[in-house]
Q: 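A single structure is presented below for examination.
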Amino acid sequence: MNRVLPAAASAVAFAACAVAPAHAEISIIVSAHSSLAPPVTQVCQAFLGKIKSPTPINLTEKNPLRDEFFAKACKKDPVQVQAMWGKLIFTGTGTPPAEVDSGAAMRKAVAADPNAVGYIDRKDVDATVKVIATAN
């Protein structure tokens, strides 16, 4: 009996490790009426406060797609992003991007502004926006 319990626990632990978390296919978007097509490096510079154009629109911190976007597209973790923005805000040299709560709100905000850039899960793309890059 003592051997069965550790074996069962090992099997459960192995199964838990084998299940990979679902990751979104992140689409970097602009308005369907926009002529913008910045490279991902320029998009990241906008999201990190290094340049003023295009106008970035961010998801709120509670949205897991935000961390995934920064990790995949900009190669930054949440602590690095917060530190960069903390410095810009403290020195008065930057204002963080506007934030929206969901992919639908992101799509709507980006579609309404031809100078805006944002990111959503690929499944949320529709005709009001165009995909300029993917971050995977």
Side-chain angles (χ1 to χ4, degrees):
M1 178 100 177
N2 287 343
R3 291 184 187 178
V4 174
L5 204 49
S10 295
V12 170
F14 179 76
C17 292
V19 177
H23 292 286
E25 183 178 347
I26 301 170
S27 296
I28 300 171
I29 58 169
V30 296
S31 171
H33 304 291
S34 176
S35 61
L36 291 176
V40 174
T41 54
Q42 188 176 350
V43 169
C44 287
Q45 288 176 336
F47 274 95
L48 297 171
K50 295 179 180 181
I51 60 174
K52 302 286 183 203
S53 182
T55 306
I57 300 176
N58 216 351
L59 289 170
T60 58
E61 287 184 11
K62 67 182 177 182
N63 192 313
L65 193 61
R66 177 178 169 143
D67 291 344
E68 197 171 340
F69 164 76
F70 281 108
K72 290 179 177 179
C74 305
K75 309 299 185 237
K76 302 286 183 201
D77 65 41
V79 173
Q80 291 172 308
V81 173
Q82 284 182 332
M84 294 176 85
W85 274 109
K87 181 179 177 182
L88 291 171
I89 293 167
F90 181 74
T91 60
T93 57
T95 304
E99 293 184 344
V100 294
D101 288 335
S102 66
M106 174 70 78
R107 187 179 60 238
K108 184 177 179 180
V110 169
D113 183 351
N115 295 315
V117 65
Y119 54 92
I120 56 176
D121 191 319
R122 177 76 179 164
K123 68 180 174 55
D124 294 329
V125 172
D126 69 10
T128 64
V129 295
K130 65 182 173 183
V131 177
I132 59 168
T134 57
N136 293 310

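Just so you know, these numbers use all the heavy atoms, side chains as well, and skip hydrogens, waters and symmetry mates. Start at 1 with the first residue, then count along the sequence. Since the structure is predicted, the reported quantities are computational estimates derived from the model, not experimental observations.
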Q: Report the distance from atom CD1 of Ile120 to atom CD1 of Ile26, rounding to the nearest 0.5 Å.
A: 11.0 Å
Q: Do any N or O atoms from the side chain of Ser27 and from the backbone of Ile29 form a donor-acceptor pair under 3.5 angstrom?
A: no
Q: Compare every heavy atom of Pro56 with every heavy atom of Ala46, then report the nearest pair and how far apart it is.
A: O-CG, 3.4 Å
Q: Arg107 and Thr128: which non-hydrogen atoms are nearest, and at how many Å?
A: CG-OG1, 3.6 Å
Q: Do you know the tightest heavy-atom contact between Gly94 and Trp85?
A: C-CZ3, 4.0 Å
Q: Could you list the residues that satisfy salt bridge (charged side-chain N to carboxylate O under 4.0 Å, His left out) with Glu99, not counting sequence neighbours?
A: Arg66
Q: For Pro114, is there any backbone N or O sitting under 3.5 Å from a side-chain donor or acceptor partner on Ser34?
A: yes
Q: Can you check whether Ile89 reaches Pro96 side chain to side chain, under 4.5 Å on heavy atoms?
A: yes
Q: Begin with the C-alpha distance, continue with both residues' side-chain angles, and end with the deciding distance and a verdict on side-chain contact (heavy atoms from CB on, under 4.5 Å) for Met84 and Lys50.
A: CA-CA 10 Å; Met84 294 176 85; Lys50 295 179 180 181; 3.5 Å; yes
Q: Locate the shortest heavy-atom distance separating Ile132 from Leu36; write the atom from each residue and the value.
A: CG2-O, 3.9 Å
Q: Are the side chain of Lys130 and the backbone N or O of Ala37 linked by a donor-acceptor pair below 3.5 Å?
A: no
Q: Return the minimal non-hydrogen interatomic distance between Ala105 and Val100, and the atom names on each side.
A: CB-CB, 3.8 Å
Q: Are the side chain of Gln82 and the backbone of Val79 linked by a donor-acceptor contact shorter than 3.5 Å?
A: no
Q: Determine, using the 4.5 Å side-chain heavy-atom cutoff (strictly less than), whether Ile51 and Val81 are members of one ILVMFWY cluster.
A: no
Q: To the nearest 0.5 Å, what is the distance between NZ (Lys62) and OG1 (Thr60)?
A: 5.0 Å
Q: Check the orientation of Tyr119 and Phe69. Use parallel for under 30°, tilted for 30 to 60°, and perpendicular for over 60°.
A: parallel
Q: Compare every heavy atom of Ala73 with every heavy atom of Ala135, then report the nearest pair and how far apart it is.
A: CB-CB, 3.8 Å
Q: Roughly how far, to the nearest 0.5 Å, is SG of Cys74 from CD of Gln45?
A: 9.5 Å
Q: Can you tell me how far CG of Leu59 sits from CD of Glu68, rounded to the nearest 0.5 angstrom?
A: 11.0 Å
Q: Could you tell me the separation between the CG atom of Asp67 and the CG atom of Asp77, rounded to the nearest 0.5 Å?
A: 8.5 Å
Q: Test side-chain contact (heavy atoms from CB on, under 4.5 Å) on Val129 and Met106 and set out the steps.
A: CA-CA 10 Å; Val129 295; Met106 174 70 78; over 6 Å; no
